[in-house]
Amino acid sequence: MTTPTLALRDSSTMVRRQLKRLVRYPSMTIQLIVTPVVLLLLFVYVLGGTLGTGLGGGTGGRSAYVNYVVPGILLLAVVTAATGTAVMVATDMTEGIIARFRTMRISRGSVLTGHVVGSVVQQLLGMAALFGIAFAIGFRPNATAVEWLAAVGLLTLFAVAITWLAVALGLRSPTPESASNAPMPLILLPFLGSGFVPTDSMPTALRWFADYQPFTPIMETLRGLLLGTPIANSATLALTWCTAITALSYLWAKKTFTKP
Amino acid sequence: MTEPAITARGLRKSYPGKNGDKIVLDGVDLTVPAGTIFALLGPNGAGKTTTVQILSTLIPADAGTVRIAGHDLARAPDEVRGAIGVTGQYSAVDKLLTGRENLLLMADLHHLPRKQGKRTADALLERFDLVEAAGRPASTYSGGMRRRLDLAMTLVGDPRVIFLDEPTTGLDPRSRRTMWQIVRDLVATGVTIFLTTQYLEEADQLADRIALLDHGRLIAEGTADELKRLIPGGHVTLTFADADRLGAAHRIVGTGAADPQALTLQVPGDGGADALRDLLVALDEHAVAVAGVAVHTPDLDDVFLTLTGQTKENAR
């Protein structure tokens, strides 16, 4: 068999391992689904009335805010899951089974690929649940089938990027405890961007950061695809950020993992 | 003559530490003929695990050359990985998966066809007495069961060279004996086994050749018998009720060291049953009553005391 075929085969074996582990240990998955749903309900029902009015234009109020906040919550769901992934990877690395994998003739990065795919599958399930709840409380996108596909595609790319970053952070962490802290700054990024309020309401310095950080173009692109707001160059920026984060994190993770 | 299964020349490894580099391996040479059991014996911290980690491709040596199963470790690590199996000191099983799932995972990673993988897994579960536990997560297994599953996973790929790093550390005596029998059965099928242990008895029971590792250097190598001849420590201690009996016994036995204070006589010997019976019968024939008998067999401490000239504390 050729090297890429072997890598694919080993990776799919490791993905099956990871999915079995997730089924065997469902509390993590449940937590990843429940946390963003609770945040969505908090933002819509506690803060949404006031924040929605502040959006300006249109009808305003809570119903406008549901539409506005969904992309931010989706990204928040991904970074919450990233914390779980980092902990899972760091825990896995303390187990003897990883030493065993290293002494076997298998594709080196396959165990990491297993973690990434397993985690992304988990996150897509979480996002499906989140969309379901959002529809139930008044989320009304006007996307065509193609726009839906593009939105799900972008969310998947983003999930892959952040998950590879989480894997790298998990590998760099000496203990599972420190791995749970490493991705914390990511959780702030949807807030320090256009996730919960438009950036033009922020002070100048913060606004500058919010406009140029990676999460904002991704959220703006999702908003454009799902709700028809202007996208402009956000889509290009979003794809560039996702590709760059994936590539750098993948190389970082692989280097950390193969380094003895 | 065929090439040895393992040859290592001049292995060196040191780790940076607070007070300069800590040397873990200081020029180790090893030769293990194919189809034999080789034991690397030494106390904690001697460098046993580091040696296994280097030989099993987990960490690189700072210097030295290694050939395993005909492949150069530095140039063809993947070829070496294809020929070896490793069962480490810390159990290398996936605790969230069941015993059977762990074995099937190994079968998949060895690219066995699905049907053959299932057959291999079932055969190993049977052989290692894990059939009843096959459907339970490995986290529920006892220490001995986990170690058996660990070794079964190592065997899925039919390795020609097997590394066992302290395979019985932490096991109860019964599980230890089971593991010994498994190792004997394995070598009967023609594989080569490299094991590390801190128990002299284990090396004695299993190994064709034993090497003693201390502070990163090999201080002796040979068969169990060759090594035992280096160790004078074995003796029988006889205790008597009074000085007269002690004196009589000393004359009858004609050897050994009498201690009039403790009323004991130390007679050198290996402590074997025949020698002990002869000794007691001789005393009985002369009607010398023996109050107590203690047998002292040489152990790892004696080996290190003798070969390194260090005190027990320093040897550890």
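Bear in mind that the values here come from a model prediction, so they are computed numbers and not experimental data.
One finds the NE2 atom of B:H111 at 10.0 Å from the OG1 atom of A:T5 (value rounded to the nearest 0.5 Å). If you take OH on A:Y25 and NZ on B:K95, they are separated by 12.5 Å, rounding to the nearest 0.5 Å. Atom CG in B:L96 sits 9.5 Å away from atom CG in A:L22 (nearest 0.5 Å).
The shortest side-chain heavy-atom distance between A:E95 and B:D94 does not fall under the 4.5 Å cut-off. Using a 4.5 Å heavy-atom threshold, the side chains of B:R81 and A:R102 count as separate.
Contact record, A:G96 with B:A92: O-CB, 3.4 Å, taken as the closest heavy-atom pair. Here the closest non-hydrogen pair linking B:N102 and A:I97 is OD1-CD1, 4.3 Å.
For the options B:V86, B:L104, B:T87, heavy-atom pairs under 4.5 Å to chain A are most numerous at B:V86.
In B:K118, the NZ atom is not crowded: 12 or fewer heavy atoms of neighbouring residues, nucleotides or ligands sit closer than 6.0 Å. Heavy-atom contacts from other residues, nucleotides or ligands closer than 6.0 Å to CZ of A:F43 number more than 12.
At least one donor-acceptor pair closer than 3.5 Å links the side chain of A:R100 to the backbone N or O of B:D150. No donor-acceptor pair closer than 3.5 Å links the side chain of A:R105 to the backbone N or O of B:L109.
Against chain B, no residue from residues 181-193 of chain A qualifies, as none has a non-hydrogen atom under 4.5 angstrom away. The interface of residues 69-80 of chain B with chain A, defined by heavy-atom distances below 4.5 Å, comprises B:D78, B:E79. Interface residues of residues 120-142 of chain B toward chain A, defined by a heavy-atom distance below 4.5 Å: none.
Note on residues 16-38 of chain B: pairs passing ring-ring contact (aromatic ring centres under 6.0 Å, His included), not counting sequence neighbours, are B:F38-B:F194.
Using a 4.5 Å cut-off between heavy atoms, B:V93 touches chain A through its backbone atoms (N, CA, C, O) alone. With a 4.5 angstrom heavy-atom cutoff, A:R24 touches chain B only via side-chain atoms.
Under the side-chain contact (heavy atoms from CB on, under 4.5 Å) rule, B:D108 has a single partner from A:M14, A:R17, A:R16, which is A:R16.
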